Amino acid sequence: MNYHQISATLDPYIQLLKQTSTPRTALLTHSIYQQVNDLKSLQVFMKSHVFAVWDFMTLLKTLQRQLTCIELPWIPPIDIHSARLVNEIVLVEETDEITPGYYLSHFHLYLAAMEEVGADSQPIRDFITAIQQGFPANEALANLPIPESTKTFVMNTLKSANGLTHEVAAVFLLGREDVIPKMFQQILTKLEDAQGIPCNSFRLYLERHTHIDEEQHAPMGKKLLRNICGNDSLKWMQAVNAANNALKVRHCLWDGINQSIQQ
């Protein structure tokens with residue numbers, strides 16, 4: 001793909017959005033959002049999608065490691081504004097105050113939602129257990145009963161996490177699924193009203209995801225990327241490359257889940 005030279009007179013972030021519009025549009029209009037329309041398809045979807053929820057935290061903690069100091073002895077962060085932004089996002093995503101005095105990560109909230117609707121959370125639990133025991137990610141994934149595209153997605157995330165800071169920030173900001181809350185919301189009503197399935201944790205996850213991620217963390221991620229890239233046209237071009245790759249890999253993830261639903 002040929003990228004236009006980013007002009008100093010144009011907003012580089014707007015240019016980045018334009019240069020990633022094709023894979024982003026393809027992702028947002030994927031047929032998966034029509035395929036997930038009942039309890040069974042939702043269960044299949046969540047079994048793989050939970051790895052994307054985990055993926056989000058992998059990228060976020062990578063940014064925290066690169067932009068703040070989590071090693072000893074402590075060294076003051078070079079970019080204090082970026083450090084503040086990433087720490088604020090980590091605080092909520094990893095330890096959100098769900099109700100007064102009750103804290104939970106959004107990942108664990110998603111696991112609770114899976115349990116509510118009967119989705120199989122054993123693969124992601126086995127994966128995390130294997131990682132905790134020191135197994136490499138590829139070995140931890142090898143025998144899991146999930147689509148190959150999901151395994152490829154995880155490995156690509158780990159590869160992306162080894163990239164330059166601005167590349168990781170671009171993947172973190174643009175490689176996320178904006179239409180997921182709307183898709184979930186459509187079938188939540190069916191599950192609760194038509195089938196009598198309680199979805200309290202699921203509804204809470206969607207509320208937190210919609211309110212926190214869309215209204216707070218997305219703008220923060222945008223500021224973070226602007227801080228890191230500044231006026232460096234090379235960094236913005238590398239951010240475009242990283243974001244495009246992340247969007248394409250997530251499209252492949254959706255393809256694999258679609259096949260599982262149809263089967």
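Excluded from the calculations below are hydrogen atoms, water molecules and symmetry mates; all remaining heavy atoms, backbone and side chain alike, are included. On a predicted model such as this, the values are computed, not experimentally measured, just so you know.
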Exercise for the section: Show the numbers, then the answer: is there a side chain to side chain donor-acceptor pair (under 3.5 Å) between Ser160 and Glu167? Expected result: CA-CA 8 Å; Ser160 296; Glu167 293 174 326; over 6 Å; no

Problem - Salt bridge Arg203-Glu207, side-chain N to carboxylate O under 4.0 Å - result: no

Handout entry: Electrostatic pair Asp120-Arg125, nearest N-O below 4.0 angstrom
Key = no

Practice task
State yes or no: are the ring centers of Phe56 and Phe107 separated by less than 6.0 Å?
Solution key: no

Exercise for the section: Report yes if the distance between the aromatic ring centroids of Trp54 and Tyr110 is under 6.0 Å, otherwise no. Expected result: no

Practice task
Measure the shortest side-chain to side-chain distance between Ser48 and Ser260 over non-hydrogen atoms and say whether it is less than 4.5 angstrom.
Solution key: no

When you compare the side chains of [X] and [Y], does any donor N or O come within less than 3.5 Å of an acceptor on the partner?
X: Asp38; Y: Ser41; result: yes
X: Trp254; Y: Tyr33; result: yes
X: Ser149; Y: Asp255; result: no

Problem - Over all atoms of both residues, closest heavy-atom pair of Met114 and Ser121 - result: CE-CA, 3.8 Å

Fill in the blank from the handout: In terms of heavy-atom contacts, Pro23 and Asn244 come closest through CG-OD1, 2.9 Å

Handout entry: Rounded distance [0.5 Å steps], CD1 in Ile228 versus NE2 in His81
Key = 13.5 Å

Exercise for the section: Step by step, work out the side-chain contact (heavy atoms from CB on, under 4.5 Å) result for Met57 and Leu60. Expected result: CA-CA 5 Å; Met57 286 305 302; Leu60 177 56; 4.0 Å; yes

Handout entry: Residues forming a side chain to side chain donor-acceptor pair (under 3.5 Å) with Ser105, sequence neighbours excluded
Key = His108

Exercise for the section: May I have the step-by-step check of salt bridge (charged side-chain N to carboxylate O under 4.0 Å, His left out) for Asp55 and Arg250, ending in yes or no? Expected result: CA-CA 11 Å; Asp55 145 77; Arg250 191 175 291 274; 3.2 Å; yes

Handout entry: Steps toward side-chain contact (heavy atoms from CB on, under 4.5 Å) verdict (Phe172, Ile89)
Key = CA-CA 12 Å; Phe172 173 79; Ile89 298 174; 4.1 Å; yes

Handout entry: Donor-acceptor contact below 3.5 Å, side chain Gln43 vs main chain Val117
Key = yes

Exercise for the section: For Ile14, look at atom CD1 and say whether over 12 heavy atoms of other residues, nucleotides or ligands are found less than 6.0 Å away. Expected result: yes

Problem - Arg84 CZ: over 12 foreign heavy atoms closer than 6.0 Å - result: no

Residues 63-73 side chain polar contacts: donor-acceptor under 3.5 Å, at least two apart:
| from | atom 1 | to | atom 2 | distance (Å) |
| --- | --- | --- | --- | --- |
| Gln64 | OE1 | Lys61 | NZ | 2.8 |
| Gln64 | NE2 | Asn87 | OD1 | 3.0 |
| Gln66 | OE1 | Thr165 | OG1 | 2.9 |
| Thr68 | OG1 | Gln64 | O | 2.5 |

Exercise for the section: Test side-chain contact (heavy atoms from CB on, under 4.5 Å) on Tyr13 and Leu173 and set out the steps. Expected result: CA-CA 11 Å; Tyr13 181 75; Leu173 177 61; 3.6 Å; yes

Exercise for the section: Could you name each residue pair satisfying salt bridge (charged side-chain N to carboxylate O under 4.0 Å, His left out) that touches residues 96-107, not counting sequence neighbours? Expected result: Asp96-Arg208

Practice task
Let me see the working for Leu164 and Val168 under side-chain contact (heavy atoms from CB on, under 4.5 Å), right down to the final yes or no.
Solution key: CA-CA 6 Å; Leu164 299 171; Val168 179; over 6 Å; no

